[in-house]
Number of protein chains: 2
Amino acid sequence: MPRTTNPAPLPPPQEGFKVACSTCALRQVCLPTGLPAAEVEQLERMVAVRRPVARNTVLFKAGDAFEAIYLVRTGFFKTAASAEDGREQVTGFQMAGEMLGMDGIFSGAHACGAVALEDSQVCVVPYGRLEDLTREIDRLRRQFLRLMSREIVRDQSVMMLLGAMRAEQRVAAFLINLMRRLRARGFSSSSVVLRMTRDEIGSFLGLTLETVSRTFSRMQDDGLLEVRAREVRVLKPRLLLQLVRRSS
Amino acid sequence: MPRTTNPAPLPPPQEGFKVACSTCALRQVCLPTGLPAAEVEQLERMVAVRRPVARNTVLFKAGDAFEAIYLVRTGFFKTAASAEDGREQVTGFQMAGEMLGMDGIFSGAHACGAVALEDSQVCVVPYGRLEDLTREIDRLRRQFLRLMSREIVRDQSVMMLLGAMRAEQRVAAFLINLMRRLRARGFSSSSVVLRMTRDEIGSFLGLTLETVSRTFSRMQDDGLLEVRAREVRVLKPRLLLQLVRRSS
DNA sequence: CGCGTCCTTGAACCTTTTCAATTCAGGTGG
DNA sequence: CCACCTGAATTGAAAAGGTTCAAGGACGCG
C-alpha cells in the first residue's frame, strides 16, 4: 500500500485564491525576483491559480503531460524518479519559493514525480503562457533561464555528493544545505523539523535508511547534533561544515 | 603535475573558420535543430567563431566569468567540478552537437570546468547575443529551453545511477548511454574507442578506477564485452541492457 | 488506547576501496 | 627501428564502509 494517495482527484483549482506576487512574502526568492512592479503584475495575471496540495498527494507524476511550472508557495515537496526496475530515487526536496517541473520542458512529459510532504500550496504557471511572457519581458526571460541554470548547478552538486562523499559527509552536506535554504527564508538557523522520512533522506543521499539513522546517532554522540525523531538541532555548525570540507 | 595544460594562451579565435550551421553535419542534433533556414542563418551570423581546443587544454574552468555557451563541433570533452577539499568529480562527457557551459548562466561564473579529451573544435555562442536572439526567434527560445531541460533530465538520470546502482550496473549504464549517443551520430553501434581514462570514468560513476577496470574485466570474462585498452566492443548488448534493468 | 509506521540498534555479510605490485601501451629520442 | 620511459591499466589481497536482515521501541494518528 503506497503511502501516497494517488494522482487522485486533484483538488480543483480554487479560483478563490487570487495570486498576488506583489504582496507575497516570497517575492525576493521566487520567480518574480528582480522584476519591477509593473512586470510583476503582468506575471501575476498569468499565474492562473494557487492550488492546495494535501500531504502525501501527487502534484504530478513521471509520464504526466507537462503543462505547467509550479512554484511552492507554502509547504514542502519531494521529487523522485523511478528506474526501470521499479526502485525510486529521490532527486530533490523543494521548499517555499522553489520551482518544480522544469524537467518536463524537454520532452513534454514529466521525467520525475512530485509529492507534497506536508500540506502545501503551489502557484501554477501554465507553461505556454510563461513562454509567451518570456518573449515580452526581457527580465523575466533572464530570470527564468537563471533558475533553470541554478537547477543544473544544484544537480551537479548533488552528483558530487553522491559520487565523491562518504556517508557522514553526505548527511552533513544535506543538513547544511537544508539549514542554508531555511535561513534564507527567515527560519531558525540551528533547528529543523525534517519533513521527510529517513528512507527518503537515504534515497536522496544514496544510502539506506539505517545508515542515515546511524549517522544521525553518531553525530549526536559526538555532540554535533541533537536529534529527536524529526527534529534536529545543530549544536556545532562549524564542525559540521568541516566534515564536508575535509577529505578524510 | 597536472595532465591538463593550463588555462593557457587560449588559441586565439580563428576568424578564418566561418561558422556555417546550414551545411553542418550536426544541424539535426545541435542547437539549430528544428529551425527553418532563414532562422538558422540568423543564428550563424551570431555564432562568432569556431575555436580549436587541443587535447588536454581547458575550454573554461570553474570560476571563470561566464561569457558564452559552447557547442561541440568535433571532438570530446569532460566537465568536472571540484569540491572544497580539492577532489574533483567528473560531471559529464560531451560529444559533437552537445552544449557546454549552461551552468554559468546562474551566477555569471562557471560552476564547473571543461577540458578537451581529444583535439576538438567548439562553436562559440556569446551569451548576451544568444539571449537577444531568443527574444526575436520564438523557436530558438523554445529549443534553447528544451536543451536546458534536457540537461536537467540527464543530470537526474546520473543521480539515479550514482544513488541506486551497483558498480556493474553503473558501468553498463555508462556504456549503453555512450553507445546510444554515438549511434545517434552515425557511428558504429557496437564498438567504441573510449576517450577518457579509467580514472575519469570512475570519477563520473562514483567508483575507483580499479573497480571500473575489474568490472570491464569481469564483463569480458562473461563474454559481454571485448576490451582492449581504450577500445570496447559490445558483444551482447541485450545482456548489457538487462544488467541495468534488473534490480539484483 | 491501540495500531501502523517510522526509527533505532545489533550482527553478519558483501561490495567496493585501499594499498601494492606488475604489466601494458604509446610516444620519444637515440 | 628499437629501446626506453612514463602514464595508464590490470590484478591481487586485506581492510573498511555500508548494506542487509532481524528485532525491539517510539511516536503519532485515528
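Excluded from the calculations below are hydrogen atoms, water molecules and symmetry mates; all remaining heavy atoms, backbone and side chain alike, are included. Chain identifiers are assigned alphabetically (A, B, ...) following the order of the sequence lines, protein sequences preceding nucleic acid strands; residue numbering begins at 1 within each chain.
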S.K.: In this structure, are over 12 heavy atoms from other groups packed under 6.0 Å from A:Arg233 atom CZ?
M.R.: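 No - once you tally the heavy atoms of other residues, nucleotides and ligands closer than 6.0 Å, there are 12 at most.
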S.K.: How close or far is atom P of C:dT17 from atom CG of B:Asp199, stated in whole angstroms?
M.R.: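 One finds 12 Å between P of C:dT17 and CG of B:Asp199, rounded.
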S.K.: At under 4.0 Å between heavy atoms, which parts of nucleotides 18-25 of chain D does protein reach? Answer with one letter per nucleotide, 5' to 3': B base, S sugar-phosphate only, - none.
M.R.: SBBB----
S.K.: Measure the distance from CZ on B:Phe216 to P on C:dC24 and round it to the nearest whole Å.
M.R.: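 Result: 19 Å.
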S.K.: How long is the line joining CE of B:Met196 and C1' of D:dA9, in whole Å?
M.R.: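 Value for this atom pair: 15 Å.
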S.K.: Quickly work out the B:Arg198 CZ to C:dT18 C1' distance and round it to whole Å.
M.R.: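 From B:Arg198 CZ to C:dT18 C1': 19 Å.
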S.K.: Taking side chain as C-beta onward, heavy atoms only, is B:Val153 less than 4.5 Å from B:Arg150?
M.R.: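 A side-chain contact under 4.5 Å is absent here.
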S.K.: For A:Leu225 and C:dT8, what is the distance between atoms CG and P respectively, to the nearest whole Å?
M.R.: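 Rounded to whole Å, this separation is 12 Å.
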S.K.: Just how far, in rounded Å, is P of C:dT23 from CZ of B:Arg228?
M.R.: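 The answer, rounded to whole Å, is 19 Å.
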S.K.: Please identify which of these residues, A:Glu151, A:Met159, A:Arg154, meets the side chain to side chain contact (heavy atoms under 4.5 Å, CB included) condition with B:Asp155.
M.R.: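 Of all the options given, the one that passes is A:Met159.
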S.K.: Please determine, by modelled atom types, if B:Glu88 and B:Ser203 share a side-chain donor-acceptor pair under 3.5 angstrom.
M.R.: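 Checked: B:Glu88/B:Ser203 side chains show no N/O donor-acceptor pair below 3.5 Å.
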S.K.: Side-chain N or O of B:Ser213 less than 4.0 angstrom from OP1 or OP2 on D:dA8?
M.R.: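 Answer is no, no contact under 4.0 Å.
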S.K.: Has the side chain of B:Thr79 got a donor or acceptor atom that lies under 3.5 Å from a matching backbone atom of B:Ala114?
M.R.: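 Judged by distance alone, no pair lies under 3.5 Å.
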S.K.: Round to a whole Å and report the spacing from CD of B:Glu200 to P of D:dA9.
M.R.: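 So the two atoms are 9 Å apart, to the nearest Å.
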S.K.: Can you tell me how far P of C:dC7 sits from CD of A:Glu231, to the nearest Å?
M.R.: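 Computing the A:Glu231:CD to C:dC7:P distance gives 14 Å.
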S.K.: Mind checking whether B:Phe77 and B:Val115 have side chains closer than 4.5 Å, heavy atoms only?
M.R.: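 A side-chain contact is absent here, since even the closest heavy-atom pair is not under 4.5 Å.
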